[in-house]
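Letters go in sequence order (proteins before strands), and every chain restarts at 1.
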Amino acid sequence: MTATSHIDQQETARPAAWDWLRETFFASRLHAAMSLAGAILIVAIGWQLLDWAVVNAVFSSAGGPEACREASGACWAIIDARWRLILFGLYPHELHWRSATACIVIVAVAIASCMPVFWRAARLAALWIAGMASFYILMRGGLFGLVPVSEAKWGGLSLTVFIFSAGVLVGMPLAIVFALMRRSELPVIARTMSLVIDAVRSLPLVTILFTAAVVLPFVLPGWLQGDKLYRVIFGFALFFAAYQAEIIRGGIQAIPPGQDEAAKALGLSYWHRVSRIMLPQAFRNALPPTISQFVITFKETSLVIIVGFFEVMASGNAAYGTGDWRFAYIEVYVFIALIYFTFAFSLSRYGAYLERVMRVGKN
Amino acid sequence: MTTHPADTAVRLESVNKYYGTYHALRNVDLTVAKGERIVVCGPSGSGKSTMIRCLNRLEEHQSGTITVLGTELNDDISNIEEIRREVGMVFQTFNLFPHLTVLENLTLAPMLVRKASRAEAEEAAMAYLTRVKIPEQAEKFPGELSGGQQQRVAIARALCMKPEIMLFDEPTSALDPEMIAEVLDVMVGLARDGMTMICVTHEMGFAREVADRVVFMADGEIVEEAPPSTFFTSPGNDRTKRFLSQILAH
């Protein structure tokens, strides 16, 4: 007893960080060797990366592609030369400010809707209707003296952000309706809905987008077709809704049956029980998978490339694909990856914040 | 006992209820007058909870008639919410809404169902919270309260709808022993104020103190129905005697 306490005293006398290091990485000879090898590997890779990305890299496009060919490092010059193409696609050059403003508006609206002040159905709806309307007017033009730009010319980051937010905005209410119908007490409705959900989930997103863009015009009457962009967004929304509906249903099923009984006993109507008791708790329960679904959906917007849209990924392909800069595709993809990362990572962090605020996992 | 229809809160006539092939209620007859306090007891699985859950149609019966405040509960009923708002219910597991504060739990239904203004609803809610002796917990979430406090909030929540009848479904069974008294105190207070109460409970002290009648159920039937004085001292049925000897032995 006295011996152990003596040792304890000696242990605490040393710096804690040193103890932690020794115990974690150098507990035995094998551990020490592996730790050392790992450290050497990390340093080597880190140095290589730094060498490529910074030390020997070319940052300015002043020297043209030739300057890059001579340098051994990364050719960031292509980003300098072609960033407008990547961010704005085919949108007319002199109107890029409109595309940029439109993109900022949507991102600002998204950030604003993360603030608890706006967490009222009416406020959120007003915010998003105003945001989407400003986006449309800025991008499409034809109003307030803005030069019209057809949807076919929209592109780059604004298009990505628009397809994502419009898809989720249409898809989320659809998902709620799907989930409620799937839980309907009438077997006809419940079975039909589960068939629809399963059918949509069995199809690859590419097929749905292709159908929306290319096949639907043959089937739908002219007045119902709308622009290809809106058909594709609807396809996106449908795909999102099928998955999100199941996530919401899972969230609903995790609610103890006593909740609905208590709400019934108080005389609450079906819609009040759904909107005040069931859905708020279902969304809390289903928050982690919902955030995942958002992140997945954001990244899947790049698939619209196959139906001929120049969202940020397709614009990136175009940026290096024109001969002179053909060799610099890695740099372009790194840049695009950083853009995706910024959005997806922010979404995830916001999800983590929400979990704290909404006290997920507590009663 | 016969009462004038207008004074009748609840009337069950040869009510039968099945879960699949399981016969949960067998020809149950019961009449409760306004202002009466009924305690329902019996072994588990005897149909006590099923019976009171039929009174606000959380469960549907298959035959017989149930009349609550003059309205018959059947498949034709267009607006069950109108009956439910007059019939408060307190559950064994409290069933407070965990995503709302205590105050919001209390004001939700009065605002949505009774169309009360926020100010009115909050004033009433604070009055009832004071009555159940926890006004200081108004801004907390249910998960931050003890079981006894949660059950008192649940009682206050039901009272905020100003119901004519209160149903209690084993309100103290999920509580730690030291919290049972605080909930029973609230219930005794309510009984003294003349509330019509139907309580499923094994708290025989409570039954002795406030019940007008004790109803004993077994196997889905009402076996015995008597004022507490007779019920506890000279029960007529053998099953009642056995049940009483079991629960009063401790």
Item to complete: Go through the side-chain N and O atoms of Thr290(A) and Gln244(A) and say whether any donor and acceptor fall under 3.5 Å apart.
Response: yes

Discussion item. For Tyr340(A) and Phe298(A), take the angle between the two ring planes, folded into 0 to 90°, and tell me which bin it lands in: parallel under 30, tilted 30 to 60, perpendicular over 60.
Written reply: perpendicular

Practice prompt. Examine whether an atom of Arg157(B) lies under 4.5 Å from a heavy atom of chain A, and if so say whether it belongs to the side chain, the backbone or both; otherwise answer neither.
Written response: both

Fill in: Nearest atoms (heavy-atom pairs only) where Glu139(B) meets Thr101(B)
O-CG2, 3.7 Å

Worksheet, complete the sentence: Max heavy-atom pairs within cutoff under 4.5 Å with chain A, candidates Leu108(B), Leu58(B), Leu112(B), Val87(B), goes to Leu112(B)

Worksheet item: Are Phe294(A) and Phe240(A) an aromatic pair by the rule of ring centers under 6.0 Å?
Response: yes

Fill in: Heavy-atom pair count under 4.5 Å with chain B, highest-scoring of Pro256(A), Gly267(A), Pro280(A)
Gly267(A)

Fill in: Under 4.5 Å from a heavy atom of chain A, the part of Phe91(B) involved
side chain

Worksheet item: Taking every heavy-atom pair that is under 4.5 Å apart, which of Val90(B), Leu96(B), Leu167(B) has the most such pairs with chain A?
Response: Leu96(B)

Worksheet item: Leu159(B) and side chain to side chain contact (heavy atoms under 4.5 Å, CB included): which partner among Leu190(B), Val186(B), Leu106(B)?
Response: Leu190(B)

